[in-house]
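Here's the structure, in structure tokens; my notes come after.
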Amino acid sequence: MATVLSLSGSPSATSRTARLLRHLDARLTAQGHHVVPLDVRSLPAAALLGADFSHPAIVRAKALVEQADGLVVGTPVYKAAYSGLLKSLLDLLPQYALTGKTVLPLATGGSTAHVLAIDYALRPVLSSMGAAHIVQGWFTLDKDITVEPDGGVSVAAGAAEALEQVVDQFSVALGRPTVLAAAS
């Protein structure tokens, strides 16, 4: 079983991005992976913005990245780029923090005008950090993500199928079968 760090770069506590990641975490868990969620917004702002490399929360975040076999990196798209919050954490990680890791980049946004943000903004940074393999990412429109009364999400049919495909490709890249475990 691979350890996957599911990293949400959304600054919003009611984020569709974070909820979508938690939804996808369940699929990865059902495939036998150990998933560790990390919402960057839960880290102290002063430590992130002040580049406090020794702050215990930053040290813990770095350790989670180091211990992971793979990362799912999710971000809302703002002004055609990934979030500044995600950037602030990536800036505090060692230059080659992703060496040997498989990475699945995901983004959410309000318009298809931002669909290339993964390939032109996020992927180059992940690559420069030494990621061994960056699988095909996926952009999901906000309108395709519905927050349910229980806090979970449902994803529009076409988007759901595409997301399942990229998550399954990520799972295969981690070296695990994509057959879902039987429901308990």
Side-chain angles (χ1 to χ4, degrees), residues 4-12 14-25 27-28 35 37-43 45 48-49 51 58 61-62 64-66 68-145 153 155-174:
V4 176
L5 179 61
S6 180
L7 187 63
S8 170
S10 178
S12 171
T14 59
S15 166
R16 283 188 178 97
T17 304
R19 290 174 196 234
L20 180 63
L21 284 174
R22 300 301 80 90
H23 175 74
L24 299 175
D25 292 350
R27 185 170 186 87
L28 287 166
V35 179
L38 176 60
D39 293 327
V40 180
R41 75 172 182 281
S42 69
L43 300 175
L48 286 169
L49 298 176
I58 302 302
K62 286 192 277 190
L64 290 173
V65 171
E66 185 177 300
D69 300 303
L71 285 83
V72 177
V73 178
T75 181
V77 175
Y78 299 117
K79 304 206 187 282
Y82 56 94
S83 74
L85 183 63
L86 179 59
K87 171 94 167 96
S88 65
L89 176 62
L90 294 177
D91 285 348
L92 293 178
L93 297 176
Q95 175 62 47
Y96 297 105
L98 302 180
T99 298
K101 309 214 182 286
T102 300
V103 181
L104 169 60
L106 299 172
T108 61
S111 161
T112 56
H114 300 300
V115 73
L116 294 176
I118 290 174
D119 290 330
Y120 290 107
L122 187 54
R123 184 178 297 273
V125 172
L126 300 173
S127 179
S128 76
M129 294 179 74
H133 184 56
I134 303 171
V135 300
Q136 176 185 342
W138 193 256
F139 177 87
T140 304
L141 286 168
D142 288 339
K143 71 178 183 77
D144 289 338
I145 306 166
V153 299
V155 182
E161 292 167 15
L163 281 166
E164 288 172 3
Q165 240 179 359
V166 297
V167 168
D168 291 350
Q169 289 170 356
F170 173 69
S171 188
V172 168
L174 288 169

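Just so we're clear, the structure is a prediction, and the values are computed from it rather than from any experiment.
- Rounded to the nearest 0.5 angstrom, L38 CG and L71 CG are separated by 9.5 Å.
- Residue E164 qualifies as enclosed at atom CD: its count of foreign heavy atoms under 6.0 Å is above 12.
- Side-chain atoms of L163 and L20, non-hydrogen and from C-beta on, do get closer than 4.5 Å to each other.
- Residues W138 and A162 share a closest heavy-atom pair of CZ2-CB, 3.2 Å.
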Checklist entry - Does the pair M129 and L93 meet the rule for a side-chain contact (heavy atoms from CB on, under 4.5 Å), with working shown? => result CA-CA 9 Å; M129 294 179 74; L93 297 176; 3.8 Å; yes

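- Within 6.0 Å of the NZ atom in K87, the count of heavy atoms belonging to other residues, nucleotides or ligands does not exceed 12.
- Between G137 and R123, the shortest heavy-atom distance links the atoms N-NH2, 3.6 Å.
- Put simply, CG on L64 and OG on S6 are 11.5 Å apart, with the number rounded to the nearest 0.5 Å.
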Checklist entry - Can you check side chain to side chain donor-acceptor pair (under 3.5 Å) on S10 and T17, steps first, answer last? => result CA-CA 7 Å; S10 178; T17 304; 4.9 Å; no

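- The two residues L21 and L7 have their closest heavy-atom pair at CD1-O, 3.5 Å.
- With L106 as the partner, the side chain to side chain contact (heavy atoms under 4.5 Å, CB included) test is satisfied by one option alone out of T75, T140, L24: L24.
- What you find for S171 and L28 is that their closest heavy atoms are CB-CD2, 4.4 Å.
- Inter-residue side-chain proximity for V166 and F170 is flagged as unmet; no heavy-atom pair is nearer than 4.5 Å.
- Put simply, the side chain of V73 does not reach to within 4.5 Å of the side chain of L90, judged on heavy atoms.
- When the options R27, H23, R22 are evaluated for a side chain to side chain donor-acceptor pair (under 3.5 Å) with D25, the one that passes is R22.
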Next on the checklist: Go through it in stages, so that I can follow the logic: the residues are D69 and T102, the test is side-chain contact (heavy atoms from CB on, under 4.5 Å), and I'd like the CA-CA distance, side-chain angles, deciding distance and then a yes or no.
Outcome noted: CA-CA 7 Å; D69 300 303; T102 300; over 6 Å; no

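- Interatomic distance, R16 CZ to T108 OG1, rounded to the nearest 0.5 Å: 8.5 Å.
- Nearest heavy atoms, V65 versus A97: CG1-O, 3.8 Å.
- Every residue was checked against the side chain to side chain contact (heavy atoms under 4.5 Å, CB included) condition with A132, not counting sequence neighbours, and none meets it.
- Applying the side chain to side chain contact (heavy atoms under 4.5 Å, CB included) test between L126 and each of I118, L104, V103 identifies V103 as the sole match.
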Next on the checklist: side-chain contact (heavy atoms from CB on, under 4.5 Å) for V72 and V35? Distances and angles first, verdict last.
Outcome noted: CA-CA 10 Å; V72 177; V35 179; over 6 Å; no

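- Atoms OG and NZ, from S111 and K143 in turn, are 10.5 Å apart once rounded to the nearest 0.5 Å.
- With rounding to the nearest 0.5 Å, the separation of CD in E66 from OG1 in T99 is 11.0 Å.
- In this structure, T112 contributes its side chain and V115 its backbone to no donor-acceptor pair below 3.5 Å.
- Between H133 and A173 the shortest heavy-atom distance is CD2-CB, 3.7 Å.
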Checklist entry - Stepwise, does the side-chain contact (heavy atoms from CB on, under 4.5 Å) test hold for E161 with V155? => result CA-CA 9 Å; E161 292 167 15; V155 182; over 6 Å; no

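- Within the model, atoms CG of L43 and CG of L92 stand 9.0 Å from one another, a figure rounded to the nearest 0.5 Å.
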